[in-house]
Amino acid sequence: MNAITLNLEPLINLTSEQFYQLCQVNPDAKLERTALGELIVMPPTGGETGSRNRRLTQRLGTWTDEDGTGEAFDSSTMFQLPNGALRSPDAAWVYLERWEALAPEQRRTFSPICPDFVVELRSESDTLKSLQDKMQEYMENGTRLGWLIDPKGKQVEIYRLITQCPSLEAARLRQLPFFHK
């Protein structure tokens, strides 16, 4: 079963608030919204992917608790990216000062922030191209580091923020806790 993309634009321009309400009244549906307003309906994962995702989230959570410089999130967390897309990575991490700068209401709903670190874990229903496009979208919206884990292809793609000054960006990336542990 593959993800389904629905173009609602001819009928309705689904606002972020309407999308939030749609997700609240359909808690069993895994939904995302693209920057173009398309609704993505994703199938549930199978047991192997669910187990991998649980281990990934557990390890990120344990590291986050020990490190104390950020907040970690699981695959059910939705983020509103600067381009207007509403995305839910399989695992995410945000620097603590950025997270705490959000108003309490923003932290309770779909937070208007792009994670500093994201992980997408390819499941049987995912195409590699769609996940690569999603990773590129995260990077274009401010993610500093991303991992695309493909158990099927037995490879990991690493996405890093690149700027006009590579040496300055390398110094910034080395400050990310993931480079030290």
Side-chain angles (χ1 to χ4, degrees), residues 3-9 11-42 45 53 56-57 60-61 63-65 67-121 126 130-149 157-164 168-169 172-173 175-178:
I4 299 169
T5 302
L6 303 173
N7 181 358
L8 304 177
E9 189 173 313
L11 303 173
I12 185 172
N13 183 6
L14 200 61
T15 67
S16 296
E17 178 58 33
Q18 290 169 326
F19 179 75
Y20 178 78
Q21 291 172 2
L22 178 66
C23 291
Q24 298 312 298
V25 297
N26 295 285
D28 295 330
K30 176 98 169 142
L31 304 172
E32 289 185 339
R33 190 186 76 182
T34 70
L36 299 175
E38 299 164 320
L39 187 64
I40 301 173
V41 183
M42 295 174 285
T45 63
N53 203 356
L56 172 68
T57 302
L60 180 60
W63 176 84
T64 298
D65 291 344
D67 181 71
T69 62
E71 190 66 49
F73 304 90
D74 70 6
S75 63
S76 62
T77 307
M78 186 76 63
F79 296 95
Q80 183 173 341
L81 304 182
N83 71 353
L86 290 146
R87 297 294 194 169
S88 181
D90 290 319
W93 184 89
V94 175
Y95 274 112
L96 196 56
E97 67 262 9
R98 292 184 65 231
W99 178 249
E100 290 177 343
L102 295 174
E105 179 62 23
Q106 292 174 313
R107 291 188 297 234
R108 277 191 295 276
T109 60
F110 298 155
S111 301
I113 192 169
C114 186
D116 294 292
F117 172 62
V118 297
V119 181
E120 287 291 344
L121 176 61
D126 293 322
S130 68
L131 290 178
Q132 289 169 331
D133 290 347
K134 193 174 179 183
M135 294 300 291
Q136 188 60 43
E137 180 179 44
Y138 288 129
M139 300 310 295
E140 290 169 358
N141 279 274
T143 293
R144 295 168 178 254
L145 178 65
W147 296 345
L148 171 51
I149 302 172
E157 293 183 14
I158 309 253
Y159 293 76
R160 295 185 298 169
L161 182 64
I162 303 297
T163 66
Q164 297 288 345
L168 176 60
E169 189 52 42
R172 284 187 193 147
L173 285 172
Q175 292 174 356
L176 281 172
F178 306 103

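Since we're looking at a predicted model, the values are computed, not measured.
The side chain to side chain donor-acceptor pair (under 3.5 Å) check on Gln106 picks up nothing, with sequence neighbours excluded. Scored by the salt bridge (Lys or Arg N to Asp or Glu O under 4.0 Å) test, Glu97 finds no partners at all (sequence neighbours excluded).
Between the Ser111 side chain and the Phe79 main chain, no donor and acceptor come within less than 3.5 Å of each other. Side chain of Arg98 to backbone of Gly70: no donor-acceptor contact under 3.5 angstrom is found. A donor-acceptor distance shorter than 3.5 angstrom exists from the side chain of Thr143 to the backbone of Pro115, with no hydrogens or angles considered. Of the possible donor and acceptor atoms, none in the side chain of Ser75 sits under 3.5 Å from a partner among the backbone N and O of Ala91. With hydrogens and angles ignored, the 3.5 Å screen pairs a side-chain donor or acceptor of Arg107 with a backbone N or O of Leu102. Proximity of a side-chain donor or acceptor of Asp67 to a complementary backbone N or O of Trp63 within less than 3.5 Å is not detected. With hydrogens and angles ignored, the 3.5 Å screen pairs a side-chain donor or acceptor of Asn141 with a backbone N or O of Asn83. Side-chain atoms of Ser130 do not come within 3.5 Å of backbone N or O of Asp126 as any donor-acceptor pair.
To the nearest 0.5 Å, atom CG of residue Leu39 and atom CG of residue Leu36 are 13.0 Å apart. Going from atom CG of Asp133 over to atom CG of Leu131 covers 9.0 Å, rounded to the nearest 0.5 Å. A distance of 9.5 Å separates CE in Met139 from OH in Tyr159, rounded to the nearest 0.5 Å. Of the inter-residue distances, the one linking Cys23 atom SG with Lys30 atom NZ reads 10.0 Å to the nearest 0.5 angstrom. The CG atom of Asp90 sits 4.5 Å away from atom CD of Glu120, with the distance rounded to the nearest 0.5 Å.
For the pair Gly84 and Arg33, the tightest heavy-atom approach, listed with the atom from each and the gap, is O-NH2, 2.7 Å. Contact detail for Leu145 and Arg160: the closest heavy-atom pair is CD1-CG, 3.8 Å. For Pro27 against Gln24, the heavy-atom pair with the smallest separation is CD-O, 3.6 Å. Closest of all the heavy-atom pairs between Asp116 and Tyr95 is OD2-N, 2.8 Å. Nearest heavy atom pair, residue Arg87 against residue Leu81, reads CG-CD1, 3.8 Å. The heavy-atom pair separating Leu6 from Ile4 by the smallest distance is CD2-CG2, 3.8 Å.
For Lys134 and Glu137, the salt-bridge test fails: no basic side-chain N is under 4.0 Å from an acidic carboxylate O.
Classification of the Phe110-Phe19 ring pair by plane angle, with boundaries at 30° and 60°, yields tilted.
The shortest side-chain heavy-atom distance between Thr69 and Trp93 falls under the 4.5 Å cut-off. Counting heavy atoms from C-beta on, the side chains of Gln80 and Leu86 come closer than 4.5 Å. Side-chain contact between Phe117 and Leu60 is present, with at least one heavy-atom pair separated by less than 4.5 Å. Within the 4.5 Å cutoff, the side chain of Asn53 has no heavy atoms near those of the Thr45 side chain.
Using modelled atom types and a 3.5 Å distance limit, the side chains of Gln132 and Gln136 yield no donor-acceptor pair.
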